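No experiment lies behind these values; they were computed from the predicted model shown.
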Amino acid sequence: MSDKESKMSYTWWQCSDLIVKIEEDTELVAKATEICTELCNKTINITEVVEKLGPLLTAENTSHRARAMDLFSEILKHLAMDFLSESQLKFIVIFYRDRIQDHHSVAPAILAGTLAITEMINIPEDEFLRLFLAVMSGEIACQTQLRADREIFYRIIERTVMRFEGKLTTRKDEFFQGLIGAVEGERDPRCLLLIFTFMPRIIELYPLDHWTEEMFEVFACYFPVDFYPPPGQPDPISRDQLADNLLLCLTATASFVPLCLPLAAEKIGSFLKESKHDCLELIKKCAVVYGAEPFEEHFSNLWLNMKAEVLPGLPQHKEATVNTLETLSTIFFAASTSKELTENLLSVILHTITISLCDTNVRLFEPSCRIVLICCRSNHHAALTITNKLLPMFMAQLEEEDKPNDKKKLVLIIVSDIVRICREQKVLRELDEGIRKKFLDIYVNCFCYDVEYTEIGLQGLSEMAELLESSHSDALFGKLLENLQKGTDIELYDVIRRLVAGQEVKMMEIVDKLLQKDVLNAQNSYIIFKCTTILLTMGKASDRLTKFLLDNCFLESSGVIQLTALLALQELLTALETAATFIAKQEILEKFWIFLQKPHIKVSFENLIIFSEILKLAISSLPECEQKTAVEKYLPDLTPHKINELFLIDGLLGKLSPAVDISSHFHQITKDLIEFTVEISRGETSSSSSQHQEICDKLLCSLFNRTIQDSVFEETLCQSINYLNRQIEVSSLGVRTFAWIAKGLLIKGHRKTPGIVKDLVEMLSKDNLQTETVEAFRILARCPEDLTLAHVRPFHQQKLFELVHRNLTTDEKYSPCQLEALAEILFNLPLKAVAINLSRIGQIFFQCLDSNISSALLTTLTLINRLLQDGSGKDFCKYHLQTLVPRCVHLSGFRDSMKVRIAALEFLYEITKQYEPVLLIPFKDDVSFGLQSVLDDRKRLVRTAAVRTRNVWFVFDAKDTNK
């Protein structure tokens, strides 16, 4: 050691006012850090530290001893985990064990040092366990310590148990006694959360034996958790966190289950929904982890308390009812391994509810049926037992002559549900044969009544398809054929699926009859084609049914039959996993091409839309190479001037892969589409439908967005813009098409976008173009769901706002059409983007609110309400209440739009939830008086909103400001 180092060390340790120097915690930590530095530099060793602190550690002054121990424990905390050897740690552990007998004020320092030791690597096992058991023995009373020191105590327990797994077995009784004494009576939520986190592991490692009941009571006193964090606390512990971790403790061992079930039964009657939820979760957890065997002894008591939640199962207690039924389902699912156990549990329930099931007029009939169905679904033994016991009683009710039809239908529905569950549980064949036959007779008799009865009969017989006798089978298939031919509006699709699986031969006979000539008509086409789709997806009678379906898709007379066939084909292609194979095998593209190019074929617009959608499905299901082949084969000969071919183009290109290059066709197809849209606008074509124009516009948007930017693209773009500009100047036509092209370029991020947007902004100042230009900005701002674009640049909506705002910036007020365009753009911006730019957007908001433009007013108010509810606009609205409140009071009577009135009232209502009453008191009289006339608005929705808003303005008062 150098002289300098010796002098430094000597000066530090011989300082008589050491206690004064470490009086503050920050100074103590600083001194501890200095000593750690000396230890690491090997200026001194740990033994010398103890020796030099000796006078203070043994001083008569208790506070000096405590402070010296604080310093030493702080030194241990700052040392590296592998710094001290086993012999050094043994010396320190023995020293700490001796200090336990000291004054209680030294205890926090002992706990801090012990926790630091648990993190060391070279811990002497035997000596440390003696120290640990000494700490647990009660010499340091855990519950008399401060919260922070108790947390340290619990962390010592956690780390020791995890570090020395199984080492405490021989001293288990001593350990458990100390553990229970330490945690019993804890009330702090953070400490409890820590305890609940490590206790399941301790219980897993060390069998509780005779400590079971005592340990259970430690946790039971906290159940159910009745804790809610105080408001304003940073990083609060939630009630759910405590409840979830307590649940793990209560179910940590099977020996707790017989104690948990009576506890849950006792607490489930609580008026607090959280307590009910915790009790039901505890029951479910016990059933899931340990099975249903422990429930047999306690189920009578459990059911006595649970049934109050499901009988009658009132709507206002729906959550508790659903949760209780789920719990019941969990118990019976766990019991499904034992028939005897299931029957024992079920007998408890049936003893209570059987009397309610005897009469449909009883108020508890339907709730009791719910319970029965839940038990059946969860357990195949329960399904069989319930069916054999209860169905004779239900059938007797059906045979009552004076029972009203609606009550009979109710019983039939319950019976059908039970039969369906039996089929799902695969116990139909185990049912009593007499009951089964009676079932079938009842279902057949349903065919003698109305459509609703017929549907119940068909559903019920199809559930038992594998067990049908010939007479029942004939009745079923005869009625099915009759309803298919009539096109009856009943649900037959599940019936057909089940019959194909259980009676395939008979079902194919029905198919043969349906495919006969003159059976298909407009009335039954939907249901027949729907059944065709079902059969094809199941792989039945594929060739005949496919030909039948496609033949009707390509009928020369467009009508309902063709439409329903096309819809069925669309559904089939969506459902088939091998759609590409089906398309290739049936030559779908070729057939569409041939059919729609026939000159005499006239297809309705509705059917053409479906043709187009099917083509999109077909194209998107093909590999890229086949997509390119299809485009090269069909696209060059198509022209949008022929309506049928326009939809072929839309189908080919609408869902085309971005990787397929169509640049060789780009110039011609865009030129044809633009010319056609202008012709439609002029009324020069046989089809002047705006819907046809919209299809062309969306195709142009997609084409300009997807095509590679080469010289052909740039030349075509220039020609297209110039052509449209001429049309706009000469005849005010083409603004919408111009906007759709601009949209494709904007989303793509093309370099000419700013110039195009600038041209559109200038059009807002031309009187003859204002309406069309506002609509153009609406097109630019919105993102239709049916528009598929290959290249989407992020933040393109923000880019549009920046471009428009830059070109519209002026010292004067915006014109009405400019406000309308800006409002539409803002409305479609992401809410975060609006919130970030509120300082610039605010001026636009206020000018919109001062206008009389319904669309701008509604858009602005809706956006402000969203910002307020989201919280991002709370400060903005707070600073402008003087402007917003009077304006919204005025707009609550805006006659031109009901939606504007409701949005204004929504703002006035929302601010009462967002701001302190002291901010709103100045406006109270004006709002209350201003809304008086709105209470008599001619629209009911406005009156409702006005009453709600005016009421909340009445309920706060100046006295509330003192809260």
Side-chain angles (χ1 to χ4, degrees), residues 224 247 250-251 257-258 260-270 273-357 362-390 414 417-418 420-422 424-425 427:
L247 182 64
L250 290 170
T251 56
V257 176
C260 283
L261 298 180
L263 175 67
E266 176 189 347
K267 303 288 186 179
I268 202 171
S270 170
K273 67 176 183 179
E274 293 85 356
S275 299
K276 291 180 188 292
H277 178 268
D278 286 354
C279 292
L280 294 170
E281 288 299 313
L282 177 59
I283 296 169
K284 282 194 279 189
K285 184 78 172 178
C286 289
V288 169
V289 178
Y290 300 109
E293 287 78 7
F295 284 77
E296 189 169 7
E297 180 182 351
H298 305 278
F299 191 70
S300 296
N301 189 30
L302 270 177
W303 172 244
L304 186 65
N305 291 276
M306 289 171 65
K307 72 176 183 179
E309 305 301 327
V310 291
L311 295 173
L314 299 174
Q316 57 267 37
H317 302 145
K318 183 179 179 181
E319 184 179 346
T321 302
V322 171
N323 205 355
T324 306
L325 290 173
E326 287 176 359
T327 304
L328 204 59
S329 174
T330 305
I331 295 171
F332 273 88
F333 181 79
S336 59
T337 55
S338 169
K339 180 179 180 180
E340 182 181 356
L341 177 59
T342 299
E343 290 177 349
N344 290 340
L345 297 180
L346 198 57
S347 65
V348 175
I349 294 177
L350 292 179
H351 178 74
T352 307
I353 65 172
T354 300
I355 192 169
S356 300
L357 296 169
V362 175
R363 184 168 62 101
L364 299 182
F365 177 79
E366 291 189 50
S368 299
C369 288
R370 281 202 300 268
I371 296 168
V372 166
L373 294 175
I374 282 290
C375 296
C376 287
R377 287 192 187 99
S378 310
N379 186 317
H380 64 282
H381 296 305
L384 187 59
T385 302
I386 285 173
T387 305
N388 286 327
K389 283 187 175 182
L390 297 185
I414 300 297
D417 287 340
I418 294 174
R420 187 186 71 254
I421 293 168
C422 287
E424 293 169 354
Q425 298 283 9
V427 295

Kindly give the heavy-atom pair with the smallest separation between [X] and [Y], and that separation in Å.
X	Y	answer
L250	C260	O-SG, 3.1 Å
A383	V427	CB-CG2, 4.4 Å
A382	C375	CB-O, 3.5 Å
T352	V348	OG1-O, 3.3 Å
C279	K267	SG-CB, 3.4 Å

Around atom CD1 of I355, are there more than 12 heavy atoms of other residues, nucleotides or ligands at under 6.0 Å? no

For atom CZ of F333, decide whether the heavy atoms of other residues, nucleotides or ligands shown that lie under 6.0 angstrom number more than 12.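 Atom CZ in F333 is not crowded, with 12 or fewer foreign heavy atoms closer than 6.0 Å.
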
Using the test side chain to side chain contact (heavy atoms under 4.5 Å, CB included), find all partners of E366 that sit at least two apart in sequence or belong to another chain. L410

Return the set of residues passing side chain to side chain contact (heavy atoms under 4.5 Å, CB included) with E343 (not counting sequence neighbours), or none when no residue passes.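 For E343 the side chain to side chain contact (heavy atoms under 4.5 Å, CB included) partners, ignoring immediate neighbours, are K339, T385.
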
Heavy-atom check, side chain of [X] versus side chain of [Y], under 4.5 Å:
X	Y	answer
W303	I371	yes
I353	L364	no
L325	S329	no
V257	H298	no
L261	F299	no
M306	L328	yes
C422	L384	no

Evaluation steps, side-chain contact (heavy atoms from CB on, under 4.5 Å), between I374 and F332: CA-CA 9 Å; I374 282 290; F332 273 88; over 6 Å; no

Determine whether I414 and V372 satisfy the following criterion, side-chain contact (heavy atoms from CB on, under 4.5 Å), listing intermediate values before the conclusion. CA-CA 10 Å; I414 300 297; V372 166; over 6 Å; no

Output the distance between atom [atom1] ([X]) and atom [atom2] ([Y]), rounded to the nearest 0.5 Å.
X	Y	atom1	atom2	result
C376	D417	SG	CG	10.0 Å
T324	E319	OG1	CD	10.0 Å
H381	T337	NE2	OG1	7.5 Å

Sequence neighbours excluded, which residues qualify as side chain to side chain donor-acceptor pair (under 3.5 Å) partners of E281?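 Testing E281 for side chain to side chain donor-acceptor pair (under 3.5 Å), a comparison that skips the adjacent residues, returns K284.
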
Using side-chain contact (heavy atoms from CB on, under 4.5 Å), reason through L280 and I268 one step at a time and then give a plain yes or no. CA-CA 7 Å; L280 294 170; I268 202 171; 3.5 Å; yes

Main chain of [Y], side chain of [X]: is a donor-acceptor contact present, judged purely on distance under 3.5 Å?
X	Y	result
T342	A335	yes
Q425	R377	yes
T321	V310	no

For the pair I283 and F295, evaluate side-chain contact (heavy atoms from CB on, under 4.5 Å) and give the outcome as yes or no after the intermediate values. CA-CA 9 Å; I283 296 169; F295 284 77; 3.5 Å; yes

